[in-house]
Structure formats: structure tokens, C-alpha cells
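See below for the structure under consideration.
Source: prediction; values computed, not measured.
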Amino acid sequence: MSASKNQPASAFRAVCPLDCPDQCGLLLHKQDGKIVKVEGDPDHPVTRGYICNKVRNMTERIYDQNRLKYPLKRVGPKGAGQFSRISWEEAIDTITSHWKKLIATEGPESILPYSFYGNMGRLTAEGMDRRFWNRLGATRLERSICSSAGSVGYQYTMGGSFGMDPEDTVHSKLIIFWGINAASTNMHQVALAQKARKENGAKIVVIDVHKNQTGRLADWFIPILPGTDSALALGMMHILFAENLVDIDFLKKYTIGWEKLRDHVVQYDPTSVSNITGVPVNDIYRLARMYGSIEPAFIRIGNGPQHHDNGGMFVRTVSCLPAITGQWLVKGGGAIKGNSGWLAHNSARLQRTDLLKNKNTRVVNMNQLGDALLKLTPPVKSLYVYGSNPAVVAPSSNKVREGLAREDLFTVVHDLFLTETAKYADIVLPATSSFENTDFYTSYWHHYVQLQQPVIEPYGQSKSNVEVFRLLAAGMGFEDEAFVQSEAEMIADALDHPQNPYLEGINYDVLKERHFVKAKVKPLLSEKLPTPSGKIELYSERMQKDGYPPLPTYVPLPDDDGQFPFQFVPGPNHNFLNSTFSNNVKHIGMEREPRLFMNQVDAEKLGIKDGDFIRVWNDRGECELKAAVGDSVLPGVVVTQGLWADVAGSSPNYLVNSLTPDRIADMGGGAVFFSGRVAVEKCKPPKQRG
């Protein structure tokens, strides 16, 4: 790769593969064929050389002594992690022979893939794999565990995943981080906000259920009860209309339904909203008046509040605010939920949706994997897992593990490590890291497409997803040309997308030369929006047709777990990304230990002190954590951060997703991780137990 003015000759350009909006540009330093140092690429226009500790210590993961080197077959009980080495030939033959028999006797829908974006490379996550599953006719997976509820909610208002350019944040004078711990999950958005604070005097407001790192850096932190965010947004609208802090000219020209919305929000008076949200009345007035009088005003809409039963409606609601004050026409004003619409590639050509012959093939929502493995009829008889670790990350994890333990379930896992899920597998396949692959990346926050080329040789006998699915296709006897395309050809097909003019001029050859290229993004309202009306839809007839209220509405959370006193929110950690890095010694050391944050008032009632070991439970499961007592959460709320790997032995149990419900959110088939309730009690530390 060619060196730039800031790039040492020994460094190779790369892309951070993690499921993170920042998608940083990297420089990888090599010595004797190995990566010895990971740095940020100072030439990347958005990430500018700054990277998080997760990625800075990526070499600890790539060269971890526990990384898988060759295929394995199970020789002990499921879950015990007892395996013996086999060849790739035996592995592929074992898998395809089993599948051929299943297809002949049970049909192809007896096979279920389970994957997500453990590696955000488009070929890795949704390329040759999707072609294979389409051709096979396997049960289809609805991959909706992350942002789907909010994406649908935002789409009802704005037409698609289109927001402001994050680089314009430097012009903002009011920045609201709403339900996002951006210091841990979108660090460059924080850097841009801090630059705006330094250069423009911008005020940073954080609204969240937990005063985490992002809350601590704010000029004003507003704690809120979980699942009530849409009520706060509606209360702000009430004040904005009542005090004439709205942009009538903007509303008339660029929106539909603003008069109906104005009349609708009369019912969301500050006193009622305060009783719902736990936010004091004076703070609701202060927030609304700030938003109505300071411009440019920018809202970074987080994933947190959309992980509730009412999550889609929250995003639909908060996405109306920039229109009410006309922020979309001001540089540095507007919102970002996601920006993937600007970089949408030709997914039909990449995934070869034409290979799916039976359009009525059944679909399983990935949030309900436990039910799919235990209750689905006809049953799932084989599971193939890659890019995910459902034994830890899926909701209702005890149910998932019960399903994985079925002796009649033939399970294959393709991963870098013998994960908790892989311990239940019959065949385990070693996966390459992203730095060993050719792939392209499209951020869902900034506007750059990036190319990754191999920097190091594959570790041991590991293979990429593209390679493995080519082998599986050959083993199944699939002769379609789709399975012999090179990575370069697949990338060229994916970027050939006439329906997306923003990708014009971006192709494989250009990326190979320049490594990252910005899409030809236009001002958001310079043309019609992809809504039915072509405008911002404050009132949505399409929502009404789909069975939702056509106006933004607060919908209380269900009381399914009402017998348990605490609302439970398992947020993200700082040094892991979901379960990635949770098994790596360096990252565990940085993260220290899992804690449950609870209010001092609640702790005193239960006789719990800071640092005590506590049992957290409901009717789905239990786990054990240390108490972090203080005022970082409101009374009645408990918060933990992160997904921790299983601890050797029986205790302590850190499986927080054993507590989370596997209900489906109001929109998009989304997860409701944050809508569970739990009970808490003090318990003895493991070392004091008999």
C-alpha cells in the first residue's frame, strides 16, 4: 500500500471492523510478518488518528494464545468444550453430508443460520453467506437485534437512514446526546462535540438512564426513567408550540401534519410528563427553551431507548424535534439516528436474492432464538453460527443455552475463539480476523466507504466467511457462478448501484487507490425525502395503515415483570463490544469487573453497601455482580455495563442476558433488552461460600 505524508513506510492502511458507528481508519505496523502496533490513521478525515483502547490493543486479540488454529469436532458432552482436531476436508464433508440428509428428510428449512455483525465487513457479514443460504433455501433469519426498531421509527418520519453530516457537528451550539453513551460507543462524535464546545461555546446535554462517561462530560446531565423518553420529547413539543418557539415557515414548506401535531401535544403538559419521566418540571421547561432558542441544535439519537417495547415510537417521536424548530436548514443542526442510507450498496447483487426460489421460506427473529430452538414446528435440526455469540448476546440466554444443548441439534460455529456458543457445537471452524481479509466497509455514521486488503497471512488454518461458504457451496454441489466470484468482483457488484447516486464514482479500483472515499452527499432537504409525501411526516398515514398511531405518542411499557421492583438496563461496556474482547486478558484487565449501579436510597433499604456482592434475578434467570451504590441512576432503576464471558467454574455467574426478555419491540422486530425488571439482594462473595 502506498504511504501518505503521515503514514510510515512500514505501516499499512486498514479499517476497524467492529460494529461501531465510527468505523475508524487504522494504520497497522508490521514486523516479521506480524502486526506489532495498531494506530489511528491521521489522514482519515473523520477519525483523524484517534482510536479507542479496544482497537489500540487489537493485537492482544489477534495473537491471543487461545485463538482457534484448525477445525475441531466435539468429543464430549455439549457445552463441555471437549474437542479434537480434524482437517478442513473432514469438517466440510461432515457438515454438507449432514445437511444433505436433513434436506432429504426434513427439508432445507430445518437448517437455521444465526449471524450478526461481529465483523462489519460487507462481504463477511452479508455476502457469500447470504448467497449460500438463499440457494440452500434455509430458514431465514430476521437480523433485528440492534437498531431495527429505531430505524423503522425514524423512517416513518424522515423516509430512511439519512441524517446530518457528523463533520458538521463542529458548527453546532447545542448538542443533545439522547440515550447514547457516546464516549464508549461513538467517541469521535464526542470529539466533534467537544470541539464545538471549545470553538463555538456549544452546550452539551446528555439524557440517559445512567450517568456514565458521556453523562459525566456533559454541561448538563438529565436522568430519566427507562422507556419514558418519548414522553419527554412530547413534553418539549408541548412547550415549543405553547411558547411559539417553532419555525412556522419551515413547518409549512417541509412537513405535513404540523397542525395536528400541535393540537395533539397539548395533552403532554410538563407536570404530566414529569410524573412519567422523573424529570423535574423546571428541567423540562429549561430543556425545551434551550432547544427552541439555540441554533444550530443537534440531537444524536442513541440506540438505548429503542431497546424497549416502545423503542420504535421513541425514535419516531424524537426525530420530529429538528423539524419543529427548523434545524435541518442550519449547518450543524438536525439529528443523526443512522446515516446508512447515504452509503446503501446494491445488496440484491451482493446477496444474490434471486437465488432464493421459495419466497415463502419461514423467518425466525434472532431475538427469539431460544423459542426457535425449543418450540418451532417443524423443528430446527441444524444451526450454523458466525459473526455472533448468541449464548451470551441473545436475550433470555438460559432458554438459548437450553436449546443449544439439544442432542439432536447439529451445530456448527465459525469464530476466532471457542466461544460460549462454540462449546455447544458439533463442528467448530477457525475464522480469520478482518486484517487477513479483503472486504469493504460502509459506516452507519460518517459518509466514507473504505477498503480493507489483507495485511497479514491467515492465522493457522483459519478461513474467511467468503472462503468457507465457497467450500460449503462446492460440498453441496452448487455450481452457480455466484459462488466462484472473487472478493474484488463481489465488491464491484455491490458498489454498482444506480439507485444510489451518492455512490457515484466509488468503485473497487478507486478504493484500492485511495482506501477511503466520501459519498456525494447532498443537503438533506435539497430534494424530496423518500417518504410517501416527499416531506418530513409529523403525521404519517403510512403508520396508521401499519396499525400505529399516526402522530408521535407515548406508549407505557408493559407490566409483564411487575412483581419485580427494579427496572433493569444492561448497557454497553467501555472496553468490550458486546461479547467481543470479553475473553481477552488485556481487555478484561482494562474493564476490571462487572458492577450493578443502584441508587443510594434503594441500597439502604436493602442493606447493600458499595462493593457488596449481590444477586440479581427474575423468573428468567439470575446473575451475580458487585454493587456500585450512588446517585448515577434514579431510584427504582439498576444498570449494569457489558457482556462478560463465562467464568471458569460455577460462580460467579455474569450472564446478564439471562435476565432480559425476548419479547419483540413495537417496530422492526427489534429487541427489548432494556424493558426487563429484576429483584436484588445481598449475597456472600464466592470465596466465602461452602
Please enumerate all residues that pass salt bridge (Lys or Arg N to Asp or Glu O under 4.0 Å) together with [X], with sequence neighbours excluded.
{"X": "Glu199", "result": "none"}
{"X": "Lys375", "result": "Asp371"}
{"X": "Arg620", "result": "Asp561"}
{"X": "Asp496", "result": "Arg349"}

Starting from the C-alpha separation in whole Å, work towards a yes-or-no answer on side chain to side chain donor-acceptor pair (under 3.5 Å) for Gln327 and Tyr291.
CA-CA 10 Å; Gln327 293 305 308; Tyr291 191 73; 5.7 Å; no
Under a 3.5 Å cutoff, is there a donor and acceptor pairing between the side chains of [X] and [Y]?
{"X": "Glu142", "Y": "Asn365", "value": "yes"}
{"X": "Thr47", "Y": "His188", "value": "no"}
{"X": "Glu537", "Y": "Ser533", "value": "yes"}
{"X": "Arg663", "Y": "Ser675", "value": "no"}
{"X": "Asn186", "Y": "Arg300", "value": "yes"}
{"X": "Arg140", "Y": "Thr361", "value": "no"}
{"X": "Ser319", "Y": "Thr157", "value": "yes"}
{"X": "Thr214", "Y": "Asn181", "value": "yes"}

Taking only residues two or more places apart in sequence, or in another chain, which ones meet [X] in a ring-ring contact (aromatic ring centres under 6.0 Å, His included)?
{"X": "Phe440", "result": "His345"}
{"X": "His446", "result": "His44, Tyr448"}
{"X": "Phe162", "result": "Trp342"}

Which residue pairs pass the ring-ring contact (aromatic ring centres under 6.0 Å, His included) test with at least one member in [range], sequence neighbours excluded?
{"range": "residues 528-559", "value": "Tyr156-Tyr548"}
{"range": "residues 260-284", "value": "His264-Tyr268"}
{"range": "residues 189-229", "value": "His210-Phe597"}
{"range": "residues 659-678", "value": "His307-Phe673, His307-Phe674"}

Which heavy atom in [X] sits nearest to a heavy atom in [Y], and how many Å separate them?
{"X": "Ala202", "Y": "Ser172", "answer": "CB-O, 3.3 Å"}
{"X": "Val521", "Y": "Tyr502", "answer": "CA-CD2, 4.3 Å"}
{"X": "Pro570", "Y": "Thr660", "answer": "CG-CG2, 3.8 Å"}
{"X": "Gly292", "Y": "Thr325", "answer": "CA-CG2, 4.2 Å"}
{"X": "Arg677", "Y": "Pro565", "answer": "NH2-O, 2.9 Å"}
{"X": "Gly332", "Y": "His171", "answer": "CA-CB, 4.1 Å"}

Would you say [X] has more than 12 foreign heavy atoms packed within less than 6.0 Å of its [atom1]?
{"X": "Asp219", "atom1": "CG", "answer": "yes"}
{"X": "Lys203", "atom1": "NZ", "answer": "no"}
{"X": "Glu504", "atom1": "CD", "answer": "no"}
{"X": "Glu259", "atom1": "CD", "answer": "yes"}

Please step through side chain to side chain donor-acceptor pair (under 3.5 Å) for the pair Gln189 and Thr169, ending with a clear verdict.
CA-CA 8 Å; Gln189 183 68 81; Thr169 307; 3.0 Å; yes
Please check: side-chain N/O of Arg316 versus main-chain N/O of Leu538, any donor-acceptor pairing under 3.5 Å?
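Confirmed, Arg316 side chain pairs with Leu538 backbone.
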Ignoring hydrogens and geometry, is there a side-chain-to-backbone donor-acceptor pair from Asn599 to Asp631 under 3.5 Å?
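Checked: no pair found.
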Using side-chain heavy atoms (C-beta onward) and a distance below 4.5 Å, is Asp309 in contact with Asp666?
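The answer is no; the side chains never approach within 4.5 Å.
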Between Glu167 and Lys518, is there a side-chain N and carboxylate O pair less than 4.0 Å apart?
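Salt bridge: yes.
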Basic-acidic side-chain contact under 4.0 Å: Glu527, Lys522:
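Yes, Glu527 and Lys522 are salt-bridged.
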The test is side chain to side chain donor-acceptor pair (under 3.5 Å); show your working for Ser272 and Asp269 and say whether it passes.
CA-CA 6 Å; Ser272 299; Asp269 62 277; 2.7 Å; yes
Begin from the C-alpha positions of Asp22 and Trp445 and carry the test side chain to side chain donor-acceptor pair (under 3.5 Å) through to its verdict.
CA-CA 6 Å; Asp22 296 51; Trp445 174 65; over 6 Å; no
Scan the side chains in residues 231-250 for donor-acceptor partners under 3.5 Å anywhere in the protein, sequence neighbours excluded, and list what turns up.
| unit_1 | atom_1 | unit_2 | atom_2 | d |
| --- | --- | --- | --- | --- |
| His238 | ND1 | Val265 | O | 3.0 |
| His238 | ND1 | Val266 | O | 3.2 |
| Glu243 | OE1 | Arg289 | NE | 3.0 |
| Glu243 | OE2 | Arg289 | NE | 3.3 |
| Glu243 | OE2 | Arg289 | NH2 | 2.7 |
| Asp247 | OD1 | Asp249 | N | 3.3 |
| Asp247 | OD1 | Phe250 | N | 3.0 |

